[in-house]
Amino acid sequence: QVQLVESGGGVVQAGGPLRLSCAVSGFTFNSYTMGWFRRAPGKGREFVAAISRSGSNRYYADSVKGRFTISRDNAKNTVLLQMNSLKPEDTAVYYCAGGQRGGLMFRADTYDYWGQGTQVTVSL
């Protein structure tokens, strides 16, 4: 059974950091591209960051570039999203996703499996 379980969400003041974690089981983790997406209230799903199978390539949305860092630990089947200098507009539910289709990493349809999401709220 495939499971992607996000953790680390919460409420943080603007300018503060937060680290999200996604624990994966049920598929061969190092064969999958991993990504983070988010959905803000009243908005559609938005790409945040992605990392290639080996971790050698990383991609970021312009809105988070320079503030967020994605990483993975293939030995622990975990993908992390370190978020710094958070802004109120970063408030959203954050989803972890894994894909093996080889498509564009910023596209949601590249991904086969999704977590349930974790809420991040950035207050002023």
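What you see is a predicted model, and the numbers here were worked out from it, not measured in a lab.
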What I'd like to find out is whether the side chain of [X] reaches to under 4.5 Å of the side chain of [Y], using heavy atoms alone.
X      : Y      : result
Arg101 : Asp112 : yes
Arg38  : Val64  : yes
Ser31  : Gln100 : yes

What pairs with Lys65 under side chain to side chain contact (heavy atoms under 4.5 Å, CB included), at least two apart in sequence or on another chain? Tyr60, Asp62
All pairs passing ring-ring contact (aromatic ring centres under 6.0 Å, His included) where residues 2-28 contributes a residue, at least two apart: Phe27-Tyr32, Phe27-Tyr113
Using the test side chain to side chain donor-acceptor pair (under 3.5 Å), find all partners of Arg39 that sit at least two apart in sequence or belong to another chain. none
Mind checking side chain to side chain donor-acceptor pair (under 3.5 Å) for Asn30 and listing every partner two or more places apart, or none if nothing turns up? none
Measure the OH-CD distance between Tyr94 and Gln119 for me, rounded to the nearest 0.5 Å. 9.5 Å
How long is the straight-line distance from CE of Met34 back to CG of Leu81, given to the nearest 0.5 Å? 11.5 Å
Should side-chain heavy atoms under 4.5 Å link Ile, Leu, Val, Met, Phe, Trp and Tyr, which residues sit in the same cluster as Phe106? Phe37, Phe47, Tyr59, Val93, Tyr95, Leu104, Met105, Tyr111, Trp114
For Arg58, does the CZ atom sit with more than 12 other heavy atoms under 6.0 Å from it, leaving out its own atoms? yes
For residues 5-23, which side-chain donor-acceptor pairs fall under 3.5 Å, sequence neighbours excluded?
residue	atom	partner	partner atom	Å
Glu6	OE1	Gln116	N	3.2
Glu6	OE1	Gly117	N	2.9
Glu6	OE2	Cys96	N	2.8
Glu6	OE2	Gly117	N	3.2

Is there a path of hydrophobic side-chain contacts, each under 4.5 Å between heavy atoms, that joins Ile51 and Leu80? no
